[in-house]
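Written below as structure tokens is the structure these notes are about.
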There are 2 protein chains.
Amino acid sequence: MIRISKKVEYALMALKFISNSEHKLVTAREISDKGNIPYDLLSKILQKLKNENILISNQGTNGGYSMNKRPDEIPLFSLMNVIDGETAIAECLMDNSVKDCCLTDSCSIKNPVTVLQKEVEELFKKKTISDFV
Amino acid sequence: MIRISKKVEYALMALKFISNSEHKLVTAREISDKGNIPYDLLSKILQKLKNENILISNQGTNGGYSMNKRPDEIPLFSLMNVIDGETAIAECLMDNSVKDCCLTDSCSIKNPVTVLQKEVEELFKKKTISDFV
DNA sequence: TGAAATAGGACTATGTTAGTCCACATTTAA
DNA sequence: TTAAATGTGGACTAACATAGTCCTATTTCA
């Protein structure tokens with residue numbers, strides 16, 4: 001399931017916003033207002049980014065977020081993984097897919113789909129947040 | 001929303017199966033049985049492929065499906081469009097997206113997302129069914 | 001005429017995504 | 001020391017998309 005979800009869009013917008021506010025803490029409220037992003041949802045996203053050490057957070061009055069990595073150090077692929085969890089181009093290629101699926105075992109299209117998966121991953125790994133800033 | 005859905009998987013499996021049965025009509029039931037694909041769902045898929053002139057169908061007893069195009073004439077991209085409808089890597093890039101979305105107008109990440117969309121499309125246009133047969 | 005096949009509309013079930021609500025923890029300024 | 005500003009995080013709900021099912025035609029052939 002390769003796809004840019006709303007959450008990833010929001011994350012990209014937030015990272016862009018924070019990146020462009022060098023040396024200044026940015027609050028979730030600010031990003032939410034400027035980007036027209038639901039505040040609660042955005043908060044969750046920022047928290048995840050903080051937990052993955054992509055952002056630094058400061059609580060309390062005058063708190064906010066700042067970058068902990070350079071945009072070019074953050075591949076789009078890992079951002080998507082952080083926000084939406086593991087992704088694969090087809091359900092069956094995912095590790096946790098225990099379901100009996102056409103792609104398991106000697107499935108007729110497993111190999112070519114796996115190849116495609118690799119190619120898409122490559123593309124998303126080459127892209128970094130700097131491409132969006 | 002770029003993704004290989006179950007339906008597209010089933011379509012790929014079916015096309016592979018039909019391609020490998022040269023000069024013989026293949027029934028939906030056969031494909032369903034061999035590929036462990038829900039019959040009703042598969043039928044819908046085959047009908048779509050027929051309506052798009054990818055397959056030829058013959059009704060009635062001894063009927064079935066046969067290829068109407070060579071696998072290398074069918075890009076994966078158009079197959080996905082036929083089966084699942086128009087796809088885009090982000091919801092907002094879709095033509096029918098009338099919703100007020102962050103990516104409309106002067107959205108901060110619209111351009112890079114559009115570029116990414118093009119790149120993914122390229123990849124899926126270069127792939128053809130012959131890569132899966 | 002009846003069986004084997006495609007054609008296709010309508011519906012349901014399930015899962016995912018997006019979004020909301022609420023209570024709490026931390027920090028700073030007054 | 002308290003109130004306001006801010007991040008933290010769990011639980012819930014709403015909306016939507018996908019996958020799958022059911023049922024009834026229609027066509028063709030033996």
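Any value given below was found using the heavy atoms of this structure, including those in side chains, with hydrogens, waters and symmetry copies removed. Since this is a predicted model, take the numbers as computed values, not measurements.
Atom CD1 of B/I45 and atom C1' of D/dA19 are 10 Å apart (whole Å). Per the geometry, CD belonging to A/Q47 stands 15 Å off P belonging to D/dT6, to the nearest Å. Distance CD1 (B/I56) to P (C/dT6): 14 Å, rounded to an integer number of Å. Summarising the geometry, the separation between NZ on A/K6 and P on D/dA15 is reported as 16 Å, rounded to the nearest angstrom. When the P atom of D/dA19 is taken as reference, atom CD1 of B/I37 falls 13 Å away, rounded to whole Å. Distance NZ (A/K48) to P (C/dG19): 14 Å, rounded to an integer number of Å. Summarising the geometry, the separation between CG on B/L25 and P on C/dA5 is reported as 11 Å, rounded to the nearest angstrom. Here D/dA5 presents its P atom at 19 Å from CG of A/L46, a figure rounded to the nearest Å.
Checking the phosphate oxygens (OP1, OP2) of D/dA19, a side-chain nitrogen or oxygen of B/R3 falls inside 4.0 Å. Using a 4.0 Å cut-off, no side-chain N or O of A/Y39 falls inside it from OP1 or OP2 of C/dC21. Side-chain N/O atoms of A/S5 include one lying less than 4.0 angstrom from OP1 or OP2 on C/dA18.
Formation of a donor-acceptor pair under 3.5 Å by the A/S32 side chain with backbone atoms of A/P38 is not found in this model. Between the B/D72 side chain and the B/S130 main chain, no donor and acceptor come within less than 3.5 Å of each other.
Proximity note for A/Y65 (side chain, C-beta onward) versus D/dG20, D/dG7, C/dG8: the nearest is D/dG7. Checking D/dG7, C/dT27, C/dA3 against the side-chain heavy atoms of A/S57 singles out D/dG7 as nearest. Candidate nucleotides C/dA7, D/dA19, C/dA5 were compared by shortest atom distance to the side chain of B/K50, and C/dA7 ranks first. The listed nucleotides are C/dT17, C/dG19, D/dC23; the one nearest the side chain of B/D40 is D/dC23. Considering only side-chain atoms of A/L41, the nucleotide from D/dA19, D/dA5, C/dG19 that sits closest is C/dG19.
The residue among A/G60 and B/N58 whose nearest nucleotide of DNA chain C is located toward the 5' end is B/N58. Summary of the strand contacts: A/T61 and A/A28 both lie near DNA chain D, and taking for each the nucleotide with the nearest heavy atom, the more 5' one is attributed to A/T61.
In the interface, the side chain of B/Q59 is paired with the base of C/dT6 through a donor and an acceptor atom under 3.5 Å apart.
Atom NZ of B/K125 is surrounded by more than 12 heavy atoms from other residues, nucleotides or ligands within 6.0 Å.
In this structure, A/N62 reaches the sugar-phosphate backbone alone: every heavy-atom distance under 4.0 Å involves primed, P, OP1 or OP2 atoms, never a base. In this structure, B/K44 reaches the bases: a heavy-atom distance under 4.0 Å links it to at least one base atom across the strands shown. Looking at heavy-atom distances under 4.0 Å, A/D84 makes no contact with the nucleic acid at all.
Screening A/I4, A/V8, A/L12 for a side-chain contact (heavy atoms from CB on, under 4.5 Å) involving A/I83 leaves a single residue, A/V8.
Neither A/I56 nor A/M67 shares a network with the other; the hydrophobic side chains, linked directly or stepwise wherever heavy atoms of I, L, V, M, F, W or Y lie under 4.5 Å apart, form separate groups for each.
Between B/L15 and B/L79, some side-chain heavy-atom pair lies under the 4.5 Å cut-off.
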